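Heavy atoms only: backbone and side chains are in, while hydrogens, waters and symmetry mates are out. Every number for a ligand or one of its atoms is a count from 1 in the order of the listing. What you see is a predicted model; the values in this text were computed from it and never measured. Residue numbers start at 1 and run along the sequence shown.
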Amino acid sequence: MSITKKEILDLLGSIQIPSDNKTLIHSDVLKDVSINGSVVELKLSIKNPTLQFRKKIELQVTQAIQKTSSKNTVKIDFVIQEKQVSGNQKPHQAMNGIKNIIAIASGKGGVGKSTVSSNLATALSIIGKKVGLIDADIYGPSMPLMFDVEKEKPVVSNINGKSLIEPIVSYGVKILSIGFFSNPSDAIVWRGPMASKALNQMIHQANWGDLDYLIIDLPPGTGDIHLTLVQSIPLTGAIIVTTPQPISLIDAKKAAAMFNMKNINVPIIGMVENMSWFSPEDNPKKKYYIFGKDGGKNLSKDLNIPLLYRFPLLESVRESSDVGRPATLQKNKNAEMFLKFAEKVTEKTNERNKNISKTKRVKITHTKGCS
Ligand SMILES: Nc1ncnc2c1ncn2[C@@H]1O[C@H](COP(=O)(O)OP(=O)(O)OP(=O)(O)O)[C@@H](O)[C@H]1O
Ligand SMILES: [Mg+2]
């Protein structure tokens, strides 16, 4: 016989939430219980957003329910509780309606900024965040291709008397790219001021609505677009992408130095080592360190920046970008890898917001880039 609702509630009442004095039946936590055929469906509101925590709860609930009725399976929809804000303290907001703005930078070209940006945005959306993505690469916008929206053209809406560009939505991510405003077959030769104007429009004259994360995929280098960005918005932080190759590390160091400049002062949330090794599909245990070994890991230690993730060079990651479906959407280990990475980014962003005050917009009258 299938389990009854009463039995489920009794079982949930016996499961203690780790590091909390509540059980799963507490009204702050249990938001819904239903039985759909043999599937027990629960909606739980939790404070700890980590995958490890959710897996632990899922395992405890499944074991408890299957002890009573082995025929039942369990499906849990986790909702992450917003932190309670006390007194006159306001929740961290980078910009009106946008909680966190994160720039993905590298220094050297072709190291995987766009691959990391597209998969991070998709993974954050999968774990329940509201996500926007700006492709600020004036030299070679990649998001229209990576999200299979090359033929889309954003429309302009009138919202409360303001004309705002509507981002294109793909796989749950709101996207704007310089590529939407130009013909893909035209070479895009933007002069600095034109590119800066386009970036400013994508940031300030778009209907982003409420977002948990706005991810900005930057072009390589440390030039005009980077300076426009830090002058246009208070970035929550930057993530630096590098391969383990010495030439990439030198440029990653320059990018880090730019964000650390006294008058820029954008916190670096972490570093990503991409293309860390190659493992052939027919011999996945073998690792070939094509671009050198541990370069990004060592640089992150030297610069005292957390190493967020090391992504191997995988044919399927490249393929999925080329067919316009981020690897995070695949049903394999790649997806797990990007979801773990997204969890790490949320964890480090929350730490940053707790420990460092809001970044100030940079006011620069005459500045040179540092490339
Ligand atoms: N981990 C990976 N495994 C396999 N291929 C990858 C990986 N990361 C990136 N690539 C591939 O490497 C190429 C460069 O990646 P990507 O476009 O993300 O780099 P980028 O830093 O954004 O480049 P640019 O500086 O030109 O903007 C792409 O073809 C991408 O599919
Ligand atoms: Mg790119």
_Using a 4.0 Å heavy-atom cut-off, which part of Asn274 comes near ligand 1: side chain, backbone, both, or neither?_
side chain
_Nearest-contact summary for atom 24 (P) of ligand 1 - protein heavy atom, Å_ = Gly110 N, 3.5 Å
*State whether a side-chain donor-acceptor pair under 3.5 Å links Ser248 with Asp251.*
no
*Numbering the atoms of ligand 1 from 1, which are under 4.0 Å from a heavy atom of Met275?*
8 (N), 9 (C), 10 (N), 12 (O)
_Below 3.5 Å, N or O to N or O, backbone or side chain included: is there any such pair between Val317 and ligand 1?_
no
*Which residue and non-hydrogen atom of the protein lie closest to atom 4 (C) of ligand 1, and at what distance in Å?*
Leu314 O, 3.0 Å
*At a non-hydrogen distance cut-off of under 4.0 Å, which region of Asp137 contacts ligand 1 (side chain, backbone, both, or neither)?*
side chain
_Under a 3.5 Å cutoff, is there a donor and acceptor pairing between the side chains of Thr328 and Asn119?_
yes
*asked:* Given Ile101, which partner from the list Ile215, Leu214, Leu211, Ile203 fulfils the side chain to side chain contact (heavy atoms under 4.5 Å, CB included) test?
replied: Leu214
*Looking at ligand 1, does Pro312 have a heavy atom less than 4.0 Å from it?*
yes
*Can you find an N/O atom of Ser142 closer than 3.5 Å to an N/O atom of ligand 1?*
no
*Among all protein non-hydrogen atoms, which one is nearest to atom 15 (O) of ligand 1, and what is the separation to 0.1 Å?*
Thr115 OG1, 3.6 Å
*Is it the case that Lys56 places NZ or CZ above or below the six-membered ring of Phe53, under 6.0 angstrom from the centre and within 45 degrees of the axis?*
no
*asked:* Taking backbone and side chain together, does Ser117 place any N/O/S atom at a distance below 2.8 Å from the Mg ion (ligand 2)?
replied: no
*Hey, are Thr222 and Lys254 close enough side-chain-wise for a donor-acceptor pair under 3.5 Å?*
no
_Heavy atom of the protein closest to atom 25 (O) of ligand 1 (residue, atom name, distance)_ = Lys113 NZ, 2.7 Å
*Check ligand 1 against Pro220 and write out every atom of the ligand that is under 4.0 Å from a heavy-atom position of the residue.*
25 (O)
*asked:* So, regarding Val111 and ligand 1 (criterion: nitrogen or oxygen to nitrogen or oxygen, under 3.5 Å), is there a contact or not?
replied: yes
*Return yes if a side-chain donor-acceptor contact under 3.5 Å exists between Thr23 and Gln16, otherwise no.*
no
_Lys31 atom NZ: more than 12 heavy-atom contacts under 6.0 Å_ = yes
*asked:* Please report whether atom 2 (C) of ligand 1 has a protein non-hydrogen atom at a separation of less than 4.0 Å.
replied: yes
*So is there a nitrogen or oxygen of Asp217 less than 3.5 Å from a nitrogen or oxygen in ligand 1?*
no
*Among Lys108, Arg318, Glu273, whose heavy atom sits nearest atom 11 (C) of ligand 1?*
Arg318
*Look at atom 28 (C) of ligand 1 and say whether a protein heavy atom is found at less than 4.0 angstrom from it.*
no
_I'd like to check which ligand 1 atoms, numbered from 1 as shown, lie under 4.0 Å from a non-hydrogen atom of Gly109._
25 (O)
*Are Phe291 and Phe278 near enough that their ring centres are under 6.0 Å apart?*
no
*Would you please say whether a donor-acceptor pair under 3.5 Å links the side chains of Thr228 and Gln231?*
no
_Listed partners of Asp294 passing salt bridge (Lys or Arg N to Asp or Glu O under 4.0 Å), at least two apart_ = Arg310
*Test log, rule side-chain hydrogen bond (donor to acceptor under 3.5 Å, both in side chains), inputs Thr359 and Arg352*: CA-CA 11 Å; Thr359 312; Arg352 176 253 174 266; 2.9 Å; yes
*Starting from atom 19 (O) of ligand 1, find the nearest protein heavy-atom neighbour and note its residue, name and distance.*
Gly112 N, 3.0 Å
*Distance only, no hydrogens: is a donor on one side chain within 3.5 Å (strictly under) of an acceptor on the other, for Asn334 and Ser316?*
yes
_Under 4.0 Å from a heavy atom of Leu313: which atoms of ligand 1 are those, numbered in the order shown and with their elements?_
3 (N), 4 (C), 5 (N)
*Cation over ring, Lys340 on Phe338, under 6.0 Å and within 45°?*
no
*Heavy atom of Gly140 under 4.0 Å from ligand 1?*
no
